Amino acid sequence: MVDILGKGKKFDLMWDLVREMDDLNDGYVTLATMGKIMRRLARGGRYDEAVEAFRGLDKFGVTRDAMAMNLLMDALAKEKSVEHAYEAFCEFKDCTPLNIRTFNILIDGWCKAGKLENAERTMDEMKKHGFVPDVVSYTSFIEHYCREKDFRKVDEIFKEMQEKGCKPNAVTYTIAMHALGKAKQINEALEVYAKMKSDGCLPDAKFYSSLIFILSKAGRIKDANEIFEDMKKQGVMSDVSTYTTMISSACELSQEEDALKLLRKMEDSCKPNLKTYAPLLKMCCKKRRMKVLNFLLIHMFRNDVSIDAGTYTLLVRGLCMSGKLELACSFFEEMVSKGMVPMNATYKMLVEELNKNCMGEAKEQIEKLMSQVKPQESV
DNA sequence: TTAGGGTTAG
């Protein structure tokens, strides 16, 4: 069912159909389907309809249990509409089972929206319902204070967790360490790593990937490499994000050989994605390495990774800056032919360069292409 | 069914 939900009008048609369905459902509509419908509606700003879908669950023989409730809460809160999630929570809390996740979704939503008082109020409400705040609840608050760079408050929450006997986990430590690294407090970030180890909490691939990132950004390439080697010894497999971080760091240093070696090596354990290729492509444009660029495009094709609008933009701009205008034009054309609309700034940059280089014919071609696309769909 | 990173510019 979900697979044929389709996009745009097709989705609306399916949603109308589901709405008009009655007890003839016969199990075609499952909670998973309804979860996706609610998410899709919330994403389109159709909050009331998402709530309506939840209200109608009984009709399909789908139980309105805590899991169903959380799917609705998550759909609404994820789409930057924690207020709507809370409204729905108030409507259903007395007639639907709740669990700790229901509250954690709301707490995280309030924290991400910067509405701390509401987050605290929801935490109190959670306690009244007999749930004890867990590591996820506290981590949402830590994330909020990290975003605010209020590390004194972050420490306070760590202390509170200790008092309550709630152990931070790899996610909690990743958030704190990453934020300190971003705030250029690299030593404090490394202290978090030390504390984590002394607490007996095992780092995972995502944690290592963050650690490698902040070390690289701080220019501590040797340390980053050591961590990359060390994680294997600790029994944690590098994943696509670890490799992407390492590749991106090598590219920033223009270390082409190292970057390509990593790309080759990662294929033994995981598949590169668009984010892996982006820094490589950027480096090739900058260094005018057209043969390597070509190699990468073939590599991407082989790995079934197709170029998105952001990557086309990167290519067009990168090639413009390196004076490879013919190639820039052909990527621009390819982008448009795939139905993507270039940003005005990218278009202007290309036209300006073509002008400077007296490439009148190519300029006309680009202008003609641009006049055929709808500007409101700019990406 | 809940929490974790850069990623198009600069």
Side-chain angles (χ1 to χ4, degrees), chain A residues 31-32 34-36 38-39 54 64-75 77-78 82 85 96-112 119 122 126 131 133-144 146-147 168-179 181-182 189 192 203-217 239-242 244-249 251-252 273-282 285 307-321 331 335 340 342-346 348-349 378-379:
Chain A
L31 177 58
M34 290 308 288
K36 288 192 186 178
M38 291 189 291
R39 169 63 58 90
F54 177 77
R64 283 204 312 199
D65 55 9
M67 197 207 252
M69 175 70 169
N70 295 346
L71 284 175
L72 174 68
M73 292 292 106
D74 195 46
K78 278 266 158 54
V82 58
T96 304
L98 311 170
N99 62 22
I100 191 162
R101 291 176 190 193
T102 322
F103 291 94
N104 281 340
I105 293 166
L106 286 169
I107 289 171
D108 190 57
W110 290 127
C111 283
K112 287 213 162 72
T122 302
M126 161 184 202
F131 297 108
D134 66 1
V135 58
V136 179
S137 331
Y138 287 114
T139 300
S140 290
F141 283 95
I142 287 183
E143 192 191 19
H144 167 79
C146 278
R147 212 176 298 121
N169 63 18
V171 179
T172 323
Y173 286 118
T174 307
I175 292 169
M177 180 197 61
H178 197 269
K182 248 171 83 176
V192 172
D204 58 10
K206 279 188 164 154
F207 176 89
Y208 278 121
S209 166
S210 265
L211 180 54
I212 290 168
F213 175 78
I214 61 163
L215 284 170
S216 305
K217 276 275 181 264
D239 65 1
V240 57
S241 75
T242 330
T244 299
T245 307
M246 290 294 293
I247 288 173
S248 174
S249 155
C251 288
E252 247 168 67
N273 59 30
L274 253 185
K275 289 167 190 167
T276 317
Y277 289 110
L280 287 159
L281 296 171
K282 208 166 150 183
C285 291
I307 309 180
D308 69 348
T311 311
Y312 273 117
T313 307
L314 171 160
L315 287 166
V316 173
R317 296 182 71 97
L319 291 166
C320 259
M321 285 190 280
F331 278 119
M335 178 179 188
M340 301 169 191
M343 288 190 311
N344 238 337
T346 310
K348 275 190 185 157
M349 181 182 203
S378 285
V379 279

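By convention in this document, chain letters (A, B, ...) are assigned in the order of the sequence lines, proteins followed by strands, and residues within each chain are numbered from 1. Only this structure's heavy atoms are used, side chains among them; waters, hydrogens and symmetry mates stay out. From a predicted model like this one, the values you see are computed outputs, not experimental measurements.
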Need one value for [X]: base, sugar-phosphate or nothing, where a base atom within 4.0 Å counts as base even if backbone is also close, heavy atoms only.
| X | result |
| --- | --- |
| A:S241 | base |
| A:A345 | nothing |
| A:D65 | nothing |
| A:F207 | base |
| A:S137 | nothing |

Short side-chain N/O contact from [X] to OP1 or OP2 of [N], under 4.0 Å:
| X | N | value |
| --- | --- | --- |
| A:K282 | B:dA9 | yes |
| A:K78 | B:dA3 | yes |
| A:K348 | B:dA9 | no |

Tell me every residue that passes side-chain contact (heavy atoms from CB on, under 4.5 Å) with [X], counting only those two or more places apart in sequence or in another chain.
| X | answer |
| --- | --- |
| A:K217 | A:F213, A:E252 |
| A:K112 | A:D108, A:E143, A:R147 |
| A:T139 | A:V135, A:V171, A:T172, A:I175 |
| A:L71 | A:L31, A:M38 |

State which of [options] makes the closest approach to the side chain of [X].
| X | options | result |
| --- | --- | --- |
| A:M343 | B:dT8, B:dT2, B:dG4 | B:dT8 |
| A:M321 | B:dG10, B:dT8, B:dG4 | B:dG10 |
| A:N104 | B:dA3, B:dT2, B:dA9 | B:dT2 |
| A:S209 | B:dG5, B:dA3, B:dT1 | B:dG5 |
| A:V136 | B:dG4, B:dA3, B:dT8 | B:dA3 |

Please examine the side chains of A:Y277 and A:T311, heavy atoms only from C-beta on, and report whether any two atoms are closer than 4.5 Å.
no
Taking Watson-Crick and G-U wobble contacts under 3.5 angstrom, with | marking pairs to another strand and [ ] crossing pairs, the secondary structure of DNA chain B is written ..........
Partners passing side-chain hydrogen bond (donor to acceptor under 3.5 Å, both in side chains) against A:R39 (at least two apart in sequence or in another chain)
A:D74
